[in-house]
Amino acid sequence: MSKGIGECAVTLEDVALILGLPTDGLPVTGMTLSSFEALEAECLHQFGVAPRKSECRGSCIKLSWLRDLKENLPLTDEVGIQRYVKCHIMLLIGTILFGDKSGAAGVHWKFLPLLREFGSIIQYSWGSACLAHLYRALCRASRVDCKGIDGPLTLLLGWAWMRLPYLSPVPREPRSFPLANRWRNWERGDRRYRYMKLADFRKAFDEL
């Protein structure tokens with residue numbers, strides 16, 4: 001939690017405990033191409049089908065397309081199961097790990113090449129990339145003209161509720177790994193957090 005006097009920060013250990021992500025291994029990196037043809041070819045290679053241009057937003061694949069694909073994939077052989085899992089991972093990337101302010105409408109296709117070799121997906125340091133994305137989001141959110149925050153907010157909330165218990169709702173699940181499971185479906189029990197904005201959390205931290 002803390003690495004010095006007066007410091008309080010999310011660490012790689014927190015990422016591993018809260019989200020259960022690997023924090024060592026290969027870097028999550030690669031080329032970013034804006035070509036729709038490249039996006040289409042990658043989806044055909046990985047899923048056997050590709051989205052139409054209307055089902056994309058720039059270089060992002062709409063999450064609705066991935067959800068529909070996931071729901072309709074046959075799970076009768078190894079290929080179908082692997083495609084299903086890849087869809088699920090892309091949905092996690094677009095919502096939990098690397099979400100943005102677009103309302104989680106899409107996920108950049110640049111992550112797809114990292115999923116080509118199914119057995120190698122676990123070899124990437126997803127936790128390190130997630131933490132770096134959070135730091136970047138927090139840096140942007142600290143600007144006086146910023147009105148919202150994006151990034152891995154499940155990680156940030158789980159960390160804040162674990163380290164600053166007075167902020168957290170009563171957990172409905174016992175302590176488990178990953179720890180984020182403790183607050184599963186928390187919004188159903190304590191609805192006031194659903195309406196809190198960035199300014200509300202800034203005020204709460206200022207009053208510590």
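Each residue takes its place number in the sequence, starting with 1.
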Please give me the minimum heavy-atom distance between Cys43 and Pro51, naming the atom from each residue. SG-CD, 3.7 Å
So, taking the atom named CG in Leu66 and the one named NZ in Lys86, what distance separates them when rounded to the nearest 0.5 Å? 13.0 Å
Determine whether Val10 and Ile18 make a side-chain contact, defined as any pair of heavy atoms from C-beta on separated by less than 4.5 Å. no
If we only count heavy atoms from C-beta on, is the Trp65 to Ser54 side-chain gap below 4.5 Å? no
Give a yes or no on whether Val49 and Phe118 share a hydrophobic cluster (residues Ile, Leu, Val, Met, Phe, Trp, Tyr; joining criterion: side-chain heavy atoms under 4.5 Å apart). yes
Gap between atom CE of Met162 and atom CG of Asp14 - 0.5 Å precision: 5.0 Å
Minimum heavy-atom separation for Leu155 to Cys130, with atom names? CD2-SG, 4.1 Å
Are Ile81 and Leu73 connected in a single hydrophobic cluster, I mean Ile/Leu/Val/Met/Phe/Trp/Tyr linked by side-chain heavy atoms less than 4.5 Å apart? yes
Under the side chain to side chain contact (heavy atoms under 4.5 Å, CB included) criterion, do Leu156 and Leu138 qualify, and how do the steps go? CA-CA 10 Å; Leu156 182 60; Leu138 290 172; 4.0 Å; yes
Is it true that the side chains of Glu13 and Thr11 contain a donor and an acceptor less than 3.5 Å apart? no
Could you please spell out the steps behind the side chain to side chain contact (heavy atoms under 4.5 Å, CB included) verdict for Leu131 and Thr23? CA-CA 9 Å; Leu131 183 61; Thr23 55; over 6 Å; no
Would you please name every residue forming a side chain to side chain contact (heavy atoms under 4.5 Å, CB included) with His133, sequence neighbours left out? Phe98, Pro152
Arg140 side chain reached by Asp150 side chain, heavy atoms, under 4.5 Å: yes
Single-linkage hydrophobic cluster, 4.5 Å side-chain cutoff, Ile89 and Val79 together: no
Whether the side chain of Ser125 engages the backbone of Pro27 through a donor-acceptor N/O pair (distance < 3.5 Å, no angle test) should be reported. no
Interatomic distance, Arg83 atom CZ to Glu78 atom CD [nearest 0.5 angstrom]: 12.0 Å
Mind checking the CG-CG spacing from Leu12 to Leu17? Nearest 0.5 Å is all I need. 11.0 Å
So, for Arg57 and Ala105, which heavy atoms are closest and what is the spacing to 0.1 Å? NE-CB, 4.1 Å
Measure the acute angle between the ring planes of Phe111 and Trp126, then classify it against the limits of 30° and 60° as parallel, tilted or perpendicular. tilted
Do you know the tightest heavy-atom contact between Gly151 and Ala137? CA-CB, 4.2 Å
Correct closest heavy-atom pair for Asp68 and Asn72 would be O-ND2, 2.6 Å
Could you state whether Trp109 and Leu44 fall into the same hydrophobic cluster, counting links through intermediate Ile, Leu, Val, Met, Phe, Trp or Tyr residues with side-chain heavy atoms under 4.5 angstrom apart? no
Is Glu42 reaching over with its side chain to a backbone N or O of Leu39, donor-acceptor style, under 3.5 angstrom? no
Does Glu117 CD have over 12 foreign heavy atoms under 6.0 Å away? no
Would you say that more than 12 heavy atoms from the other residues, nucleotides or ligands in this model lie under 6.0 Å from the CG of Leu75, or not? yes
Taking the side chain from Tyr124 and the backbone from Leu115, do they hold a donor-acceptor pair closer than 3.5 Å? no
Rounded to the nearest 0.5 Å, what separates atom CG in Leu69 from atom CG in Leu63? 12.5 Å
If you round to the nearest 0.5 Å, how far is CZ of Arg67 from NZ of Lys62? 12.5 Å
Any donor-acceptor pair under 3.5 Å from Gln46 side chain to Leu112 backbone: yes
